[in-house]
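Before any comments, here is the structure.
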Amino acid sequence: MKNKYGFGDNAPGNNSVSNINSAQLKDIKKTLPLKKLTQEQFDFWQHNGYLVLRQIISPEAVKRSQDFLWEFQEMDPNDSEHLVSSAAP
């Protein structure tokens, strides 16, 4: 039996992204009303593939995410050895 993405039930990986080449972003048609985006924002995203939403995440949530990522990578944000230079060698 195939799932809604056209793959068998035992397909490895994440089936939601496995069939990515079959539909273009511009061809997606909304069937439910937009909840958070305006139609203009949705249209921009659909045409350009990105959308800038300012102040969508609280500064506290950003800080928690940064702290988690530094800890997860076992790196110290205050250690210059862990910083990446923007200049190519």
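This chain uses plain numbering: 1 for the first residue, then up along the sequence.
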Exercise. Apply side-chain contact (heavy atoms from CB on, under 4.5 Å) to the pair L34 and K30, showing each step before the final yes or no.
Key: CA-CA 8 Å; L34 295 169; K30 287 287 294 163; 3.6 Å; yes

Calculate, to the nearest 0.5 Å, the distance between atoms [atom1] and [atom2] belonging to [X] and [Y] respectively.
X: F68; Y: Q73; atom1: CZ; atom2: CD; result: 9.0 Å
X: E71; Y: D67; atom1: CD; atom2: CG; result: 8.5 Å
X: I57; Y: R64; atom1: CD1; atom2: CZ; result: 10.5 Å

Self-check item: Minimum heavy-atom distance between Q41 and K36, given as atom pair plus value
Solution: OE1-O, 4.1 Å

Self-check item: Closest heavy-atom pair and its distance - L51, F44
Solution: CD1-CD2, 3.9 Å

Quiz item: Stepwise, does the side-chain contact (heavy atoms from CB on, under 4.5 Å) test hold for T38 with D43?
Solution: CA-CA 9 Å; T38 66; D43 293 344; over 6 Å; no

Exercise. Might you confirm whether atom CD of Q39 has over 12 heavy atoms from other residues, nucleotides or ligands at distances under 6.0 Å?
Key: yes

Practice problem: Examine L53 and Y50 and state if one hydrophobic cluster contains both, with Ile, Leu, Val, Met, Phe, Trp and Tyr joined whenever side-chain heavy atoms are less than 4.5 Å apart. | Solution: yes

